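This report concerns only the one structure given below.
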Amino acid sequence: MEWVLFAVLGLAAGVAYGGIGLAVVATKRGTGVVNLAQGAVAMWGAYVYYAMRETGTLHLPIVGIPSTIETGGPASAPVAIAAGVLSSVLLSLLAYLLVFRPLRNAPQLASVVASIGIMTVIQSIVAIQFGTGQVTVPSWFSTNTITIAGQTVPVNIVEAVLVFAVMVVAVWAYLRFARQGIALAAYADNTRAVTLMGYSADLLALRAWAMSGLIAGIIGVTVAPLVPLNPITMTLYIVPALAAALLARFRSVIIVAVAGLGISVLQSFVTYLKTMPWYPPWLQVGAEDLIPLLLIIGVLIFSPASLGGGRGAAAAGRLPAARRPTSVRGPVIVVIVATGICLLLFNGVYRFAFAQSLIAALLILSVVILTGYAGQISLAPVAIAGAAGLLVARLTIDAGLPFPVAAVVSVLIAAALGMFVALPALRAVGIQLAVVTLALAVAAQSVLFSNPALNPAALGNLPPARLFGIDLSVRAGSDIARTPFILLCCGVLIVALMVVARVAGGRTGVRLLAIRSNERAAASVGVGIVETKALVFAFSSVLAATAGVLMTYGVGQFSSASFDVLALGLPLLAFAYLGGITSLYGALVGALMVPGGVTYVLISGWFQDPGSWYLLFSGVALILTAVLNPEGIAGATSKLVSGLQLRRSRRHPAENRVEPLVNSDRVEVTRV
Amino acid sequence: MLVVMAAVVALSACSSQASGSDLASSPTPTGTPIKIGFLNQGAGALAFPDFGTGGTVGIEQVNADGGINGHPINLVTCNTDGTPAASVKCANQFVSDEVVAVVQGIDLSSDTALEILAGAGIPFIGHTPFGAVQSNSPDAWFFGAAPGAFYGVPLQTLQKEYGVKTVAFLNPDSPVDRSVADSTLDPVATNLGIDLTKNFYSSTSPNYTTAFASAVTGNPDAVLIIAPEPDCTAFVQAARTLGYKGHIFAGSCGQFATADPASAEGVLSDSDLYSPDNTSQIPATAAQQIATYQKAVQGQPAANVDNYTQMTFSTMQDLAAVARTINGDVTSQSLKTALQGVVGVDSFMGQPLTCDGKQWPDNISICAPGVLVYSVKDGKLQPVTGEFVNIADLYKN
């Protein structure tokens, strides 16, 4: 009967998965937005509850100015619960009013990126205000135990499930019976009909975001005493929560709740199975993270319609303008000049940071081609990069393959893996693809990269890379970023820029943009969706894999956590967007700003905890970019230059022929 | 030889001077600052701010005690998140900043940093090694016990003192953790005839009760937990919730005793330093040093002060004591020479140090072999074994 014990114990995290999934569904139904920051919103409520119970300090989600209010000693449980829940509601409403309302007509990518920005901001504020360590949260539940089927189980889990059940029924009843609730539920199905009936879209949206904040807040304070509270764990619950929401097609309140509980119980069963003598040792690590991914894949295979939707629709709102690069001269010159300046003027950590930025530019190029041009919101590049990094380490250390051979073989195998990721992309589009690839990246990180069966601790360092007798090692003695390694990274990036420019500037580029805009319309004019998607995923994977190989050589060994979806995957998409997701220059700008890159090292000396502050700044910059300037820094600069040129040519018509504002190399497909 | 003897005598003098120093009488160091790097896992899913506090407060104490022969220490702190990439970044920074030495709080990927630092001739110092390479490196020195002691002594104590035959081991999951557990637990378990099961849990999203329940499915006589402080507290509470009746050994942890005294009653723990909870039966110098430590950490957040804080604080005092023996400039090279000459000197709040590379089999970097075992009584750690337990012989061959 130990199954019963593990089923009950699994319910604690299940309440979090189901609850956060429910909050996701609330905003999706009310405003069409899938908020990846929903776990972070719940976490904020949990931290506010914790601080109120411990010291009576009310924390506000701001930094730099006084951000706490002393209430005169530890608060009672009801007061702390109210403070926690209301804080989440406030945060949710602020997110809507300041970020998602201005983005209501923007394409899904902008919302995804903005929600990553919000998640980043909340995480960094928590780290700055509460530290990154784990805190022990006082419980507001019973500390007793009861016996179920002969097993002693804690009452607090049963009580948490009861709170969750009451909340789920209340939300279901509101959407089913209350007049405003019915309108909210109907809004997702037929926006126009509901607004024609006299309902204010704005008011409905406000209700949806308030409801989602309320759900997240209740979940935050409910599970905080039962699960670890730190800036990461609850934020990461968004992955199984999204899987639950996806299984419920972002609609059914009851299904999302049951799916959330079910995923967690299945994970708990896996933990139990690990104690069995027959359980395979190679699957000891991270098997729990496979559950959400396998469920999503199962639904994709057996019930594709449930994840479809939207394929035939034109992308909503104005997509970021995509300039098809006709010449790669500019970006290549920038890279060469920057490398020259780095080698002449920089030393030590700045040189190393520059090398990191060169490698990051490759990774971002893979996002530019896949997401910027083809419109595939995928978080798989980080998994592909990790796979290539692990492969090159094993092939070099175990199989003894020399540098260029091991690197090329790793990149080719990883690219083939990348084509497999194209398979779900044939059935899932938009945010669904983002969810599938997010679950994939999380599973890859824990099942493959952190698995001692594949990545043993004793794997050790890679031998120095040599080519034609030249030592390409990143370091030697006190020289921590050697010139040959930087030149290698620079050379690889230049080749990548030339190939990307050729692909994006040719017929393939037109096909990618057509798919980005409307897949069905693209197919109707002869664009092969399957072939084009397979091609772009493979091409993007080659770029990501090359970056993964260089990252591994840059560290000197395979570092599994370097390919973490939170540490690299989401920031990658974010910095690509910040730089300009449809531009080669954008990739270069974004690469300068990634954590560990040049900008990070330049400003990291200013703060005691540079990581958290840098996260905060980048999160804010990301939100501002998503709301105000969807073409990113490179796009804004390009516009500015175009504007200046136009003004200049108007002033001197005899000297300069007036160029059309929309050049022939600029294809902008917004609606078909 | 004479130089070594002089260093030892001077170190002894400095060590006892620092132990009960009167802050008011120590002149403020005004010489050129000596740069020391401090590497600690202060961020990420498995963060250890407690180690960090010990490092920063420890150096404040050193500077308050007059620094190193009139030179203050300038601590260059670099936080990692346990990943090799972060360790590389920090090591690069230390090399660039030209630090004299790097002290480790805890960093599970610091073997990567060690390689870079050794290449630049910078000594790597800490209390406990957190990697296979550093525990057996000519470029590293550790003033605390070997990992084998922290993993093996609990097993021996559970068997000898409590008659335990089956043990479930609980540890955060990472390739490094698994590797250390394999290399340190297996030889002792085999030697003692203990039936051991190893259980690892996710450090990013741990479910403590489920992890504990799965560890005790075979109903073992005891559970050995080696984990960060919050995890120890959560596991001890999970054990009580699930009604587990066996022995619990929360290795190196101490905060669980004050966090939830009722649950912690009877739980065992260990440390290679004397516990501040009971100084009545320990050497007077150590008691005086503990008083200095307690005064130094006053005002720090309670969550950041525990056994691990004490370890890093002690390491900083030991490092300062060694550095004070150097005649002339404190450089990486002169510090290495001084470290190699440490023989039989009491560490701050701890046991005698001898950095001759022979204190633990295949662990030449270790300067101290033993640990003390404690049991929680009325929310305090009380000694089970009054003497440091040394099981180095179990690891021979």
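Fair warning: this is a prediction, and the values are worked out from it, not measured in the lab. Within every chain, numbering begins at 1; the chains are lettered A, B, ... in the order of the sequence lines, protein sequences first and strands thereafter.
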Worksheet entry | Part of B/Ser202 lying under 4.5 Å from any heavy atom of chain A | neither
Item to complete: Measure A/Tyr237 against the heavy atoms of chain B and call it side chain, backbone, both or neither at under 4.5 Å.
Response: side chain
Item to complete: Against chain B, work out which of A/Lys274, A/Gln284, A/Met551 has the most heavy-atom pairs shorter than 4.5 Å and name it.
Response: A/Gln284
Worksheet item: What is the minimum heavy-atom distance between B/Val95 and A/Ser478, and which atoms define it?
Response: CG1-O, 3.6 Å
Worksheet item: If you take all heavy atoms of A/Leu9 and B/Thr210, which pair is closest and at what distance?
Response: CB-OG1, 3.5 Å
Item to complete: Name the region of B/Asn207, side chain, backbone, both or neither, that has any atom closer than 4.5 Å to a heavy atom of chain A.
Response: side chain
Response to the item:
So, the part of A/Thr145 with a heavy atom under 4.5 Å from chain B: the answer is side chain
Discussion item. As an exercise, state the distance from CG of B/Asp260 to OG1 of A/Thr143, rounded to the nearest 0.5 Å.
Written reply: 9.5 Å
Worksheet, complete the sentence: For B/Ser96 and A/Gly348, the nearest pair of non-hydrogen atoms, with its separation, is OG-CA, 3.1 Å
Item to complete: Tell me, yes or no, whether the heavy-atom count around A/Trp3 atom CH2, taken from other residues, nucleotides or ligands under 6.0 Å, exceeds 12.
Response: yes
Item to complete: Using a cut-off of under 4.5 Å on heavy-atom pairs, state which of A/Asn347, A/Val555, A/Val227, A/Val8 scores highest against chain B.
Response: A/Val555
Practice prompt. Considering only heavy atoms and a distance below 4.5 Å, find which of B/Ala259, B/Pro206, B/Ala234 pairs most often with chain A.
Written response: B/Pro206
Item to complete: Enter the distance from A/Leu226:CG to B/Thr209:OG1 here, rounded to the nearest 0.5 Å.
Response: 8.0 Å
Discussion item. Just verifying a value: how many Å separate A/Asn451 CG and B/Arg178 CZ, rounded to the nearest 0.5 Å?
Written reply: 7.5 Å
Item to complete: With a 4.5 angstrom heavy-atom cut-off, could you sort out which part of B/Tyr208 is near chain A: side chain, backbone, both or neither?
Response: side chain
Discussion item. With heavy-atom distances below 4.5 Å as the criterion, would you say the side chains of B/Thr217 and A/Tyr272 are in contact?
Written reply: yes
Worksheet, complete the sentence: Bottom line for A/Glu288: the part with an atom under 4.5 Å from chain B's heavy atoms is neither
Worksheet item: Counting only heavy atoms not in B/Glu98, do more than 12 fall under 6.0 Å of its CD?
Response: no
Worksheet entry | When A/Asp564, A/Leu273, A/Thr275 are compared by non-hydrogen pairs under 4.5 Å with chain B, the top option | A/Thr275
Worksheet item: Are side-chain heavy atoms of A/Gln356 and B/Lys89 found at a separation under 4.5 Å?
Response: no
Worksheet entry | Approximate separation, where rounding is to 0.5 Å, of A/Asp479 CG and B/Ile116 CD1 | 11.5 Å
Worksheet item: Do you know the tightest heavy-atom contact between A/Pro452 and B/Pro175?
Response: CG-CA, 4.1 Å
Worksheet item: A/Asn461 versus chain B, heavy atoms under 4.5 Å apart: side chain, backbone, both or neither?
Response: side chain
Worksheet item: So, do A/Val474 and B/Val88 sit near enough that their side-chain heavy atoms are less than 4.5 Å apart?
Response: no
Discussion item. Tell me which of these, B/Ala86, B/Pro49, B/Ala213, has more heavy-atom pairs under 4.5 Å with chain A than the rest.
Written reply: B/Ala213
Discussion item. Counting C-beta onward and ignoring hydrogens, is there a side-chain heavy-atom pair between B/Ser214 and A/Phe6 closer than 4.5 Å?
Written reply: yes
Practice prompt. Sort A/Thr271 into side chain, backbone, both or neither according to what part of it lies under 4.5 angstrom from a heavy atom of chain B.
Written response: both
Practice prompt. State, to 0.1 Å, how close B/Leu242 and A/Leu5 come at their nearest heavy-atom pair, and which atoms those are.
Written response: CD2-CD1, 4.0 Å
Response to the item:
Honestly, the part of B/Glu115 sitting under 4.5 Å from a heavy atom of chain A is side chain
Worksheet entry | A/Val285, part contacting chain B, at a heavy-atom distance under 4.5 Å | both
